[in-house]
Amino acid sequence: FIATQWQRNDPSVNFDGEAISRVIEYGSRIIEDQQKLTTQFNLIADIVNESIYWAAQNHRKTVTLSDVVKTLQEKRYRANLVEEKMQDMILDGSIRIDTEGKVVGQINGLSVLSNGEYTFGRPTRITATSSLGKGNLINIEKESGLSGPIFDKGVMILSAYINNVYANERPFPVSVNLCFEQSYSGVEGDSASAAELVVMLSSIADVPIRQDLAITGSMDQQGNIQPIGGVNYKIEGFFDICVKKGLTGTQGVIIPWQNKQNLMLRDDIVEAVSDGKFHIYIIKRAEEAIE
């Protein structure tokens with residue numbers, strides 16, 4: 001298809017091997033799977049055509065890896081204004097996200113936003129407070145009408161897990177308030193379940209949580225971690241904030257083990273992980289998230 005597309009555009013043009021490989025890699029990134037390729041050929045055609053343009057700008061008839069990389073960078077730049085504005089708000093403190101130190105009852109969750117044309121991830125500060133009570137789990141998002149049914153289900157599963165593990169022999173005399181801070185639109189999905197568990201236990205036990213880590217993952221009533229969507233966007237969203245605030249070498253993201261095959265990350269993140277400047281941890285159980 002790539003060959004047909006460039007010949008249709010300009011029969012005198014060629015793509016070298018590295019350029020073709022990068023387009024193929026982009027096809028896997030679209031579908032977020034290392035073993036599959038997208039069939040959204042219009043998206044592939046756009047990359048091929050624009051890569052030809054950048055090669056022509058450099059007076060070349062052979063499209064190289066640098067042309068495809070330039071195309072992907074420009075494509076992102078044209079669409080990521082909202083992402084940039086949100087990152088600016090995090091950097092100037094308007095949206096509070098910590099990437100260093102330890103805090104009791106506060107954790108970095110990960111969410112995905114989309115404007116239809118462009119999808120990106122950003123960290124979300126989740127907090128919990130606790131007090132003596134009757135074992136109630138108060139979901140502030142639900143109480144304020146900002147949560148969807150899947151999110152509510154995730155919180156109920158979380159409550160069931162806590163009662164099963166910690167309240168089998170005696171009542172659990174604690175009430176917990178759970179909140180997605182500075183979230184003024186709807187919250188949906190259960191991918192924050194693992195983060196919610198850790199932040200709740202942190203508040204109850206008065207044990208601080210590392211702020212240089214972010215976590216995503218759903219969980220069931222038995223404490224098994226389940227896969228989530230948008231893992232690449234989520235990792236990249238936290239990585240970008242860490243880079244702009246300053247990489248410390250200890251920062252990283254915790255993801256479900258099933259999402260390992262979905263990793264199709266940008267080159268700068270792959271390089272940072274390879275150099276030990278950023279870390280990606282996979283977990284199978286809730287206890288591993290706590291650890």
Side-chain angles (χ1 to χ4, degrees), residues 25 28-36 83 90 97-100 102 106-114 119-126 150-151 153-155 157-158 161 180 187-202 209-243 245 247-291:
E25 185 177 295
S28 290
R29 177 179 168 83
I30 292 173
I31 203 169
E32 290 194 284
D33 195 306
Q34 296 175 0
Q35 305 301 321
K36 297 180 180 179
E83 179 184 29
I90 292 174
I97 296 292
D98 295 330
T99 57
E100 297 182 55
K102 296 181 179 181
Q106 176 178 296
I107 195 168
N108 290 318
L110 296 166
S111 60
V112 175
L113 301 177
S114 177
T119 302
F120 64 95
R122 77 176 182 104
T124 300
R125 184 165 53 101
I126 306 172
I150 298 175
F151 180 84
K153 179 184 178 182
V155 173
I157 290 173
L158 175 60
Y161 169 80
F180 278 58
V187 177
E188 182 59 304
D190 61 353
S191 63
S193 300
E196 292 163 350
L197 171 66
V198 175
V199 76
M200 287 172 57
L201 295 179
S202 167
I209 297 172
R210 287 175 55 185
Q211 300 301 298
D212 56 356
L213 294 176
I215 179 172
T216 182
S218 167
M219 57 181 286
D220 63 18
Q221 293 189 93
Q222 282 79 39
N224 298 303
I225 298 297
Q226 301 169 144
I228 47 83
V231 66
N232 294 299
Y233 299 118
K234 291 178 176 180
I235 293 172
E236 290 168 358
F238 187 64
F239 175 81
D240 288 340
I241 294 301
C242 290
V243 167
K245 283 195 166 190
L247 284 177
T248 63
T250 63
Q251 293 150 332
V253 172
I254 302 168
I255 65 172
W257 65 275
Q258 301 97 322
N259 286 119
K260 184 177 180 180
Q261 72 173 27
N262 304 123
L263 294 178
M264 294 295 299
L265 296 163
R266 299 193 320 247
D267 288 344
D268 54 340
I269 300 182
V270 174
E271 183 178 348
V273 171
S274 178
D275 293 342
K277 297 177 181 178
F278 194 76
H279 309 273
I280 299 174
Y281 305 100
I282 58 174
I283 55 173
K284 293 186 176 182
R285 294 279 307 168
E287 294 82 3
E288 296 175 50
I290 296 168
E291 180 184 351

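The residues of the chain are indexed from 1 along the displayed sequence.
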Inset, instruction - Could you walk me through whether Ile283 and Ile255 pass side chain to side chain contact (heavy atoms under 4.5 Å, CB included), step by step? - result: CA-CA 6 Å; Ile283 55 173; Ile255 65 172; over 6 Å; no
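- In this structure Ser28 satisfies the side chain to side chain contact (heavy atoms under 4.5 Å, CB included) test together with Leu37, Met264, sequence neighbours excluded.
- Contact of the Leu197 side chain with the Met219 side chain is registered, since non-hydrogen atoms from C-beta on lie closer than 4.5 Å.
- The shortest heavy-atom contact between Gly217 and Ile228 is CA-CG2, 3.9 Å.
- With sequence neighbours excluded, the residues satisfying side-chain hydrogen bond (donor to acceptor under 3.5 Å, both in side chains) with Asn259 are Asn262.
- With rounding to the nearest 0.5 Å, the separation of CG in Asp33 from CD in Gln261 is 4.5 Å.
- A distance-only check finds a donor-acceptor pair linking the side chain of Ser111 to the backbone of Arg122 [under 3.5 Å].
- The number of heavy-atom neighbours closer than 6.0 Å to NZ of Lys277, taken from other residues, nucleotides and ligands shown, is 12 or below.
- Counting all heavy atoms, side chain and backbone alike, Leu158 lies closest to Met200 at CD2-SD, 3.5 Å.
- Evaluation of the salt bridge (charged side-chain N to carboxylate O under 4.0 Å, His left out) test over residues 212-227, restricted to residues two or more places apart or in two chains, returns Arg210-Asp212.
- Within the 4.5 Å cutoff, the side chain of Ile241 has heavy atoms near those of the Thr99 side chain.
- When side chains are defined from C-beta on, Ile215 does not count as touching Glu196, because their heavy atoms never get closer than 4.5 Å.
- By the side chain to side chain contact (heavy atoms under 4.5 Å, CB included) test, Glu32 is found to be paired with Val231, Asn232, Tyr233, residues two or more places apart in sequence or in another chain being considered.
- Atom CD in Gln211 sits 9.0 Å away from atom CZ in Arg125 (nearest 0.5 Å).
- Considering only residues two or more places apart in sequence or on other chains, Glu83 meets the salt bridge (Lys or Arg N to Asp or Glu O under 4.0 Å) condition with Arg76.
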Inset, instruction - I would like to know whether Ile209 and Lys102 meet side chain to side chain contact (heavy atoms under 4.5 Å, CB included); could you show each step before the answer? - result: CA-CA 5 Å; Ile209 297 172; Lys102 296 181 179 181; over 6 Å; no
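- Here the CD1-CZ distance, from Ile126 to Phe180, works out to 3.5 Å after rounding to the nearest 0.5 Å.
- Taken to the nearest 0.5 Å, the CD atom of Glu271 stands 12.0 Å off from the CZ atom of Arg266.
- Heavy atoms only, all atoms of each residue included: Pro123 and Leu110 are closest at CA-CD2, 4.1 Å.
- Take Ser202 and apply the side-chain hydrogen bond (donor to acceptor under 3.5 Å, both in side chains) test, not counting sequence neighbours, and it matches no residue.
- With sequence neighbours left out, the salt bridge (Lys or Arg N to Asp or Glu O under 4.0 Å) criterion links Asp267 to Arg22.
- Taken to the nearest 0.5 Å, the CD1 atom of Ile107 stands 12.5 Å off from the CG atom of Asp98.
- Side chain of His279 to backbone of Leu213: no donor-acceptor contact under 3.5 angstrom is found.
- In this structure, Glu188 and Ile150 approach most closely via the heavy-atom pair OE1-N, 3.2 Å.
- The nearest pair of heavy atoms linking Ile225 to Ala194 is CD1-CB, 4.1 Å.
- With sequence neighbours left out, Phe238 forms a ring pair (Phe, Tyr, Trp, His ring centres under 6.0 Å) with no residue at all.
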Could you give the side-chain donor-acceptor pairs of residues 284-291 under 3.5 Å, partners two or more places apart or in another chain?
| from | atom 1 | to | atom 2 | distance (Å) |
| --- | --- | --- | --- | --- |
| Arg285 | NE | Glu287 | OE1 | 3.1 |
| Arg285 | NH1 | Gln222 | O | 2.8 |
| Arg285 | NH1 | Asn224 | OD1 | 2.9 |
| Arg285 | NH2 | Gln222 | O | 3.0 |
| Arg285 | NH2 | Glu287 | OE1 | 3.4 |
| Arg285 | NH2 | Glu287 | OE2 | 3.1 |
| Glu287 | OE2 | Tyr161 | OH | 3.4 |
| Glu288 | OE1 | Lys284 | N | 3.4 |
| Glu288 | OE2 | Lys284 | N | 3.4 |
| Glu288 | OE2 | Arg285 | N | 3.3 |

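- Nearest heavy-atom pair, Glu100 versus Thr248, reported as atom, atom and distance to 0.1 Å: CD-CG2, 3.7 Å.
- Residues passing the salt bridge (Lys or Arg N to Asp or Glu O under 4.0 Å) test with Arg29 are Glu236, sequence neighbours excluded.
- Side-chain atoms of Val112 and Lys234, non-hydrogen and from C-beta on, do get closer than 4.5 Å to each other.
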Inset, instruction - May I have the step-by-step check of side chain to side chain contact (heavy atoms under 4.5 Å, CB included) for Ile235 and Leu263, ending in yes or no? - result: CA-CA 9 Å; Ile235 293 172; Leu263 294 178; 3.6 Å; yes
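- Taking Ser193 as the reference, nothing meets the side-chain hydrogen bond (donor to acceptor under 3.5 Å, both in side chains) condition, with sequence neighbours excluded.
- By the side chain to side chain contact (heavy atoms under 4.5 Å, CB included) test, Val243 is found to be paired with Phe239, Leu247, residues two or more places apart in sequence or in another chain being considered.
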Legend entry - Intermediate values then yes/no, side chain to side chain contact (heavy atoms under 4.5 Å, CB included), Thr216 and Ile254: CA-CA 6 Å; Thr216 182; Ile254 302 168; over 6 Å; no
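- Going from atom SG of Cys242 over to atom CD1 of Ile97 covers 10.0 Å, rounded to the nearest 0.5 Å.
- Side-chain atoms of Gln258 and Gln226 form no donor-acceptor pair, as typed in the model, at a separation below 3.5 Å.
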